[in-house]
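Working notes, structure below.
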Amino acid sequence: MKDCVSLKDRSVDEKQSRISILTEWIGMGRSGPQITAKRQLWDCLTFTMVLLTLLFRPAHCQQCRIQRCNAEYVASTSPANGLQEEVALDVDYCIALRAYALCTRRQARSCRGDLVYHSAVFRIKELFSQHNCSSDGPTSSSKVPSTSRPGVSELCDYENRVLLSGPAGQQKKYAHCGLFGDPHLRTFRDEFQTCKVEGAWPLIDNRFLSVQVTNVPVVLGSSATATSKITVIFKTYQGCTEQKVYQATTEDLPLAFQDGTRSGGERSSLTIVERGGSSGVGRQVRIQARYIGTSIIIRRVGSYLTFAIRMPEDTLDLSEDSGGLQLCLHGCPRNELIKEHTLSRQQPRLQATNTELGPLRPPHQIYTVELATAKCRETLQVEDVYFQSCVFDLLTTGDPEFSMAAYGALEDLKALPPSKLKQNSPRTPRVFNGQTLAAPAVNSSLLPLLLLTLLLL
């Protein structure tokens, strides 16, 4: 009997002991202050990571949109948009290809490591070589049939086009060419010459425009000639303007093209503006061809014309072996150069000339070097090549009105200087088909500091 009681007591004690241990373990797991603090820390850390993910997703997790570039390229080269497969060498195809390349460059950051993107880049290089397309030239950011030609403003504005092409666009340079007076020529290479070039001569002849001048003798018994006629032909530029012809003569300096219009092309990418001459230099007409970044000034000084042009260097073929006779590019032929341009105490030698090319007249008066120098100093204070040209023209022609051509040419040089393309004021982030390009990423070294700050709150 005692043994049974003792066994029962022992089993009861063991049960109570196990219950006590279990209760202590459960109590420690549910209400221990250390576990509660750890759980709060973990919740705070989780919340912080989610917050950081949302904050930095636009900068680091931008979605690759190479498929959009592919779709736009296919749409722009489809027959429905005016491009046929058999005319792959047409200028429109090269425009579409450059637009495709531009779109892929904009996706370079977000598509890094994407196989489709790298395949597209490789294919674009092959297409440029296969179809003989230049990477420089007009481009349209998109040609979506459902939109109203959003790329026109970029395609038909040279400065806009090159600035959007990246930092290399800001290094583009302009070149200046001028023809005035006897005539004196300043080439695109900044070479200065005085030439005879009697008759019709081409100044410029490239794929964008052609300029031809006609020079006639000025004074009886002199080799001096002057420009009596200027013809400018703006060639068709697909998507921007059709062919336009402007012609000026000593009797007529029109304010319109030969077809009677004063502008042409998309959004007036080719325009004519008339301006009154400054300081008695005469009337002038300014022609602006924004689609090729070109400006032209034609003046009537006295009974003759002057010409000045500024063009981007990348629209010119400045190589020595470039074909064709172009005075603005290569200068006058050697047998047409006048070497007596440097001033001396003697008057330039007078020669017999052909009287059939223009109305010849005797010199107005005889100028000495001293008188010519004093006369030119009234308008030109610096004795540079323009000053020398003024003196030379007075000695040659004796016409004080004719000598104003040098001053007009200098004013044109100031208005159309050879220079680099200037960057406009800071631009807002560019938008491409409604998608803003990625903002600058936050420095990753700041992330640990931000995380620690949030944990201590």
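Judged as a salt bridge (charged side-chain N to carboxylate O under 4.0 Å, His left out), and not counting sequence neighbours, the contacts of R377 are E383. Residues that satisfy the side chain to side chain contact (heavy atoms under 4.5 Å, CB included) test with T315, not counting sequence neighbours, are F208, M311, P312. S295 pairs by the side-chain hydrogen bond (donor to acceptor under 3.5 Å, both in side chains) definition with Q288, not counting sequence neighbours. By the side-chain hydrogen bond (donor to acceptor under 3.5 Å, both in side chains) test, T214 is found to be paired with no residue, residues two or more places apart in sequence or in another chain being considered. Evaluation of the salt bridge (charged side-chain N to carboxylate O under 4.0 Å, His left out) rule for E378 yields K375 as partners, not counting sequence neighbours. The salt bridge (charged side-chain N to carboxylate O under 4.0 Å, His left out) search around E126 returns R123, not counting sequence neighbours. Residues passing the salt bridge (charged side-chain N to carboxylate O under 4.0 Å, His left out) test with D314, sequence neighbours excluded: K172. In this structure, the side-chain hydrogen bond (donor to acceptor under 3.5 Å, both in side chains) partners of D393, at least two apart in sequence or on a different chain, are H184. In terms of the side-chain hydrogen bond (donor to acceptor under 3.5 Å, both in side chains) criterion, Q243 has no residue partners (sequence neighbours excluded).
Between F188 atom CZ and L316 atom CG the span is 5.0 Å, to the nearest 0.5 Å. In this structure, the separation between OH on Y291 and SG on C156 is 9.5 Å, given to the nearest 0.5 Å. Within the model, atoms OG1 of T225 and CD1 of I338 stand 7.0 Å from one another, a figure rounded to the nearest 0.5 Å. Rounding to the nearest 0.5 Å gives a distance of 8.5 Å between CG of L329 and CD1 of I204.
Applying the salt bridge (Lys or Arg N to Asp or Glu O under 4.0 Å) rule to pairs touching residues 112-122 yields nothing, sequence neighbours excluded. The list of disulfide (SG to SG under 2.5 Å) pairs with a residue in residues 174-218, not counting sequence neighbours, reads C177-C328, C195-C332. For residues 232-256, the set of pairs meeting the salt bridge (Lys or Arg N to Asp or Glu O under 4.0 Å) definition, not counting sequence neighbours, comprises D205-K235, E242-K244, K244-D259.
Relative to the six-membered ring of Y174, R310 meets both conditions, a distance below 6.0 Å and an angle of at most 45° to the axis.
Among all heavy-atom pairs drawn from L97 and F128, the shortest one is CD2-N, 3.6 Å. Closest non-hydrogen pair, V391 versus T373, comes out as CG2-CA, 4.0 Å. What you find for P254 and Y246 is that their closest heavy atoms are O-OH, 2.6 Å. In terms of heavy atoms, S134 sits closest to R98 at O-NH1, 2.7 Å.
Within the 4.5 Å cutoff, the side chain of E72 has no heavy atoms near those of the C69 side chain. Taking the side chain as every heavy atom from C-beta outward, T104 and I124 approach each other to under 4.5 Å. Side-chain contact between V382 and F387: absent, with no pair of heavy atoms (C-beta onward) separated by less than 4.5 Å. Contact of the V285 side chain with the V273 side chain is not registered, since no non-hydrogen atoms from C-beta on lie closer than 4.5 Å.
One finds no salt bridge joining R161 and D157 here, because no Lys/Arg side-chain nitrogen approaches an Asp/Glu carboxylate oxygen to under 4.0 Å.
When ring centroids are compared, Y304 and F180 stay outside the 6.0 Å threshold.
Between Y73 and Y100, the ring planes are parallel. Angles under 30° get that label, and only those over 60° would be called perpendicular.
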